[in-house]
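What follows is a single structure, written as structure tokens, with notes after it.
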Amino acid sequence: MVAKQQGVSLKVLATRAGLAENAIYRWDTNNPRSENLQKVADILSVSVDYLLGNTNEKKSASKDAGREVNIDDNTVILKFNGIELDDEYRQYIIDDIKKLRKLRGQD
């Protein structure tokens with residue numbers, strides 16, 4: 001499983017996804033809700049289809065692929081290892097990007 005390859009236990013994965021600790025273990029006998037599958041897929045940076053074994057492609061083509069992103073746009077969400085960064089870390093990253101752009105003469 002992808003979680004094992006990434007060194008994440010199913011218990012930790014469930015907690016990160018906001019599910020009960022043993023929720024993923026029960027997926028062998030109970031069908032998971034689609035939104036819970038999506039949460040787990042997002043954390044593992046794979047598609048739901050990959051989790052379900054419907055494709056060998058870990059990530060499906062993103063609807064945002066190639067989309068230009070304005071870092072001043074408050075809707076930009078930054079994640080690391082599938083976990084959303086808090087506002088303080090997000091701001092550090094945005095500030096660093098702005099500094100790099102300035103050094104390169106892009107701003």
Sorted by chain and residue number, the side-chain hydrogen bond (donor to acceptor under 3.5 Å, both in side chains) partners of Gln38 (sequence neighbours excluded) come out as Asp42

Output all residues satisfying salt bridge (charged side-chain N to carboxylate O under 4.0 Å, His left out) with Glu88, sequence neighbours left out; order by chain, then residue number. none

Using side-chain heavy atoms (C-beta onward) and a distance below 4.5 Å, is Ser34 in contact with Val48? no

With Asn54, which residues qualify under side chain to side chain contact (heavy atoms under 4.5 Å, CB included), at least two apart? Asp49, Leu52

Pair Ile43-Val8, side-chain contact (heavy atoms from CB on, under 4.5 Å): steps then yes or no: CA-CA 10 Å; Ile43 290 168; Val8 179; over 6 Å; no

side-chain contact (heavy atoms from CB on, under 4.5 Å) for Val12 and Glu21? Distances and angles first, verdict last. CA-CA 7 Å; Val12 168; Glu21 272 190 5; over 6 Å; no

Just how far is it from atom OH of Tyr89 to atom CD1 of Ile94, taken to the nearest 0.5 Å? 15.0 Å

Value for NZ (Lys98) from CD (Gln91), rounded to nearest 0.5 Å, stands at 6.5 Å

Who passes side chain to side chain contact (heavy atoms under 4.5 Å, CB included) against Arg26, sequence neighbours left out? Ala20, Asn22, Ala23, Asn30

Checking Ser45 side chain against Ala41 main chain: does a donor-acceptor pair fall under 3.5 Å? no

Who are the side-chain hydrogen bond (donor to acceptor under 3.5 Å, both in side chains) partners of Asp87, not counting sequence neighbours? Arg90

Kindly compute the distance separating CG (Leu103) from CZ (Arg101), expressed to the nearest 0.5 Å. 12.0 Å

Can you establish whether the number of heavy atoms outside Asn56 located under 6.0 Å from its atom CG is more than 12? no

NZ (Lys39) and CZ (Arg33) are apart, to the nearest 0.5 Å, by 7.5 Å

Quick one, Ile24 with Asn36, criterion side-chain contact (heavy atoms from CB on, under 4.5 Å). Give me CA distance, side-chain angles, the key distance, then yes/no. CA-CA 9 Å; Ile24 297 174; Asn36 292 342; over 6 Å; no

Val40 and Leu19, any side-chain heavy atoms less than 4.5 Å apart: yes

Report yes or no: do Leu100 and Tyr92 belong to one cluster of Ile/Leu/Val/Met/Phe/Trp/Tyr joined by side chain heavy-atom distances under 4.5 Å? no

